[in-house]
Amino acid sequence: MIAAEAAADGAETARRLEDAAYTLCVVTGIRRLGTALSVARRQMAEAMRQEQPLRH
C-alpha cells in the first residue's frame, strides 16, 4: 500500500470510529465516551442474563 492509500485508510478508520463513538453516546444518552461504554456493557450483560436459554 502506498503512503497516500494508507493515509486515506487511516482517515476512513478514524471517521468510522468517531461515528461509532457518537452513536454509542446518543444511544446511551451519555456524553462521555468512557461512561457511555460502561453503561452499554452493563446493558448488554443485563440483556444476556435475561435471555432465555435454548432448549434442546
Side-chain angles (χ1 to χ4, degrees):
M1 187 180 303
I2 62 173
E5 289 176 345
D9 186 47
E12 176 67 14
T13 299
R15 185 191 62 75
R16 287 182 180 196
L17 203 58
E18 287 176 13
D19 288 350
Y22 174 80
T23 301
L24 181 64
C25 288
V26 169
V27 167
T28 59
I30 298 176
R31 293 182 182 209
R32 297 185 67 179
L33 179 57
T35 305
L37 187 55
S38 293
V39 168
R41 284 180 176 147
R42 280 189 304 236
Q43 289 174 345
M44 289 188 67
E46 181 62 28
M48 294 299 289
R49 278 193 293 275
Q50 292 177 2
E51 188 171 302
Q52 296 294 320
L54 297 175
R55 295 183 184 192
H56 296 281

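Just so you know, residue 1 is the first one in the sequence shown, and it goes up from there.
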Please report the shortest heavy-atom distance between Leu24 and Ala40, naming the atom on each side.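 Distance-wise, the nearest heavy atoms are CD1-CB, 3.6 Å.
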
At what distance, to the nearest 0.5 angstrom, does CG of Leu33 lie from CD of Glu18? 11.0 Å

List the steps and the verdict of salt bridge (charged side-chain N to carboxylate O under 4.0 Å, His left out) for Glu46 and Arg42. CA-CA 6 Å; Glu46 181 62 28; Arg42 280 189 304 236; over 6 Å; no

Which residue in the set Asp19, Leu17, Thr13 passes side-chain contact (heavy atoms from CB on, under 4.5 Å) when paired with Arg15?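 That would be Asp19.
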
With a cut-off of 6.0 Å (strictly less than), are more than 12 heavy atoms of other residues, nucleotides or ligands near CZ of Arg31?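 No - once you tally the heavy atoms of other residues, nucleotides and ligands closer than 6.0 Å, there are 12 at most.
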
